[in-house]
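Numbers restart at 1 for each chain; the letters A, B, ... are given by sequence-line order, proteins then strands.
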Number of protein chains: 2
Amino acid sequence: MTVGISVDLGSPTPPYEQIRLQVSALIAAGGLTPGTRLPAVRSLAADLGLAAGTVARAYKELEQSGLIETRRRNGTVVVGPPAYSAPDAGATGSGASGSGASAAEVGAAVEHVIQAAAKAGLPDEELLALLRVALQKRRGLPPGVD
Amino acid sequence: MTVGISVDLGSPTPPYEQIRLQVSALIAAGGLTPGTRLPAVRSLAADLGLAAGTVARAYKELEQSGLIETRRRNGTVVVGPPAYSAPDAGATGSGASGSGASAAEVGAAVEHVIQAAAKAGLPDEELLALLRVALQKRRGLPPGVD
DNA sequence: ATCTTTGTACCAAGTATTTGATACAAAGAT
DNA sequence: ATCTTTGTATCAAATACTTGGTACAAAGAT
């Protein structure tokens, strides 16, 4: 677990997608602040038991999304979350300064659900399912349903 | 064009997905009201130049989403739109609830993450990914099983 | 009871996607 | 100048997905 990334072979979503989603989510949630350097494709690949090209693909797409930036020898670095550029310095204590309150809030909220679920004895899968359903309801869009 | 559905071969999204999406959208938009009967798999398939099984697959997934319902001889009928209800958090269908107070708390927490994520502009899938990672961090998770 | 309509299950074939491995290019360190 | 680290390109193989077709099951109509 290099920066908190893991892949679940056997999931319907392919590894390179899982990596992309996780990195992307971590950035958006403030878990990875701008300037942070991501692990090298080879090392992350080794950690996850994948080929370098697989990780590279994830990185590449992330760069195209403008989330990260890659210097040849300097590795890949987080540029910043997609949109918001809240100028205020919200000292959230979660490792670093940087992004606005929203990101940290997401991180905190995630922690909170997990704790709540744990307290309620709700299995992980159930929590995931619950969130999935709630998201669908909120959007009014039916699909999903893996 | 039986009810306003059409497929575009050559689109990256497969036909069965297009059908599912369109029917789903029509229902959500009110173009297909509850009680309306959908064309038979064979006739729609014929109209679109596809195999019955393809349309059947779309219908099947729509039923699993609870949007439509199928009676053997009576064809497939629209049940209704996702049915917005506020913070209904329980009842994922897997039984196992019954915890009581804690369950509501989980529901509230779920709503909270969703709002936070929305505020941060975090896409649904990324939020899911984030939660998944966080869960794995907290517990040595067994094979994820999506 | 039989027929007809409608969805379902299953299986093989075609197609597309994903991966892994190797060779290559950039860029800083020595 | 050379080395080492890091991302990139590419291509064949493996894998998964989607489709079509056929046979089957349910359920109302006749």
With rounding to the nearest 0.5 Å, note down the distance linking OG1 in T54(A) to CG in L48(A). 9.5 Å

Quick one: do L135(B) and V110(A) end up in the same hydrophobic cluster if we chain Ile, Leu, Val, Met, Phe, Trp and Tyr together by side-chain heavy atoms under 4.5 Å apart? yes

Check the distance between dA9(D)'s P and Y59(A)'s OH and give it to me in whole angstrom. 16 Å

Report all interatomic pairs (protein N or O, nucleotide N or O of nucleotides 13-20 of chain C) with separations under 3.5 Å.
residue: dT18(C); atom: OP1; partner: Y16(A); partner atom: OH; Å: 3.3
residue: dT18(C); atom: OP2; partner: Y16(A); partner atom: OH; Å: 3.3
residue: dT18(C); atom: OP2; partner: R57(A); partner atom: NH2; Å: 3.2
residue: dT19(C); atom: OP1; partner: P15(A); partner atom: N; Å: 2.9
residue: dT19(C); atom: OP1; partner: Y16(A); partner atom: N; Å: 3.4
residue: dG20(C); atom: OP2; partner: A51(A); partner atom: N; Å: 3.1
residue: dG20(C); atom: OP2; partner: T54(A); partner atom: OG1; Å: 3.1

Say whether, by atom type as modelled, one donor and one acceptor occur between the side chain of S65(B) and the main chain of L67(B) under 3.5 angstrom. no

Tell me, what's DNA chain D's dot-bracket, Watson-Crick or G-U with both distances under 3.5 Å, | for other-strand, [ ] crossing? ||||||||||||||||||||||||||||||

Measure all distances between protein nitrogen or oxygen atoms and nitrogen or oxygen atoms of nucleotides 27-30 of chain C, and list the pairs falling under 3.5 Å.
residue: dG28(C); atom: N2; partner: R73(A); partner atom: NH1; Å: 3.3
residue: dG28(C); atom: N3; partner: R73(A); partner atom: NH1; Å: 3.2

To the nearest 0.5 Å, what is the distance between CG on L26(A) and CG on L21(A)? 11.0 Å

What is the separation between atom CG on L9(A) and atom P on dT15(D), rounded to the nearest whole Å? 12 Å

Contact list please: residues 18-25 of chain A against DNA chain D, heavy atoms, distance less than 4.0 Å, in numerical order. none

ILVMFWY cluster, L130(A) and L131(B) together (side-chain gap under 4.5 Å): yes

Could you name each residue pair satisfying salt bridge (Lys or Arg N to Asp or Glu O under 4.0 Å) that touches residues 10-19 of chain A, not counting sequence neighbours? E17(A)-R20(A)

Is it true that I5(A) and V106(A) fall in one hydrophobic cluster, defined by side-chain heavy atoms closer than 4.5 Å? yes

Which one, dT8(C), dA9(D), dG7(D), comes nearest to the side chain of R42(B)? dT8(C)

H112(A) meets the side chain to side chain contact (heavy atoms under 4.5 Å, CB included) criterion, sequence neighbours left out, with A109(B)

If only side-chain N and O atoms of T76(A) are considered, is one of them under 4.0 Å from the OP1 or OP2 phosphate oxygen of dT6(D)? no

When rounded to the nearest 0.5 angstrom, what distance separates CG in L128(B) from CG in L122(B)? 10.0 Å

Rounded distance [0.5 Å steps], CZ in R37(A) versus OG1 in T70(A): 9.5 Å

Membership question, hydrophobic clusters at under 4.5 Å side-chain separation (ILVMFWY): are Y16(A) and L32(A) in the same one? no

In whole angstrom, give the distance that lies between atom CD of Q64(B) and atom P of dG7(C). 16 Å

Would a single hydrophobic cluster contain both L127(B) and V23(A), if residues Ile, Leu, Val, Met, Phe, Trp and Tyr are joined by side-chain heavy-atom contacts under 4.5 Å? yes

In Å, rounded to the nearest 0.5 Å, how long is the span from CZ of R132(A) to CD of E125(B)? 11.0 Å

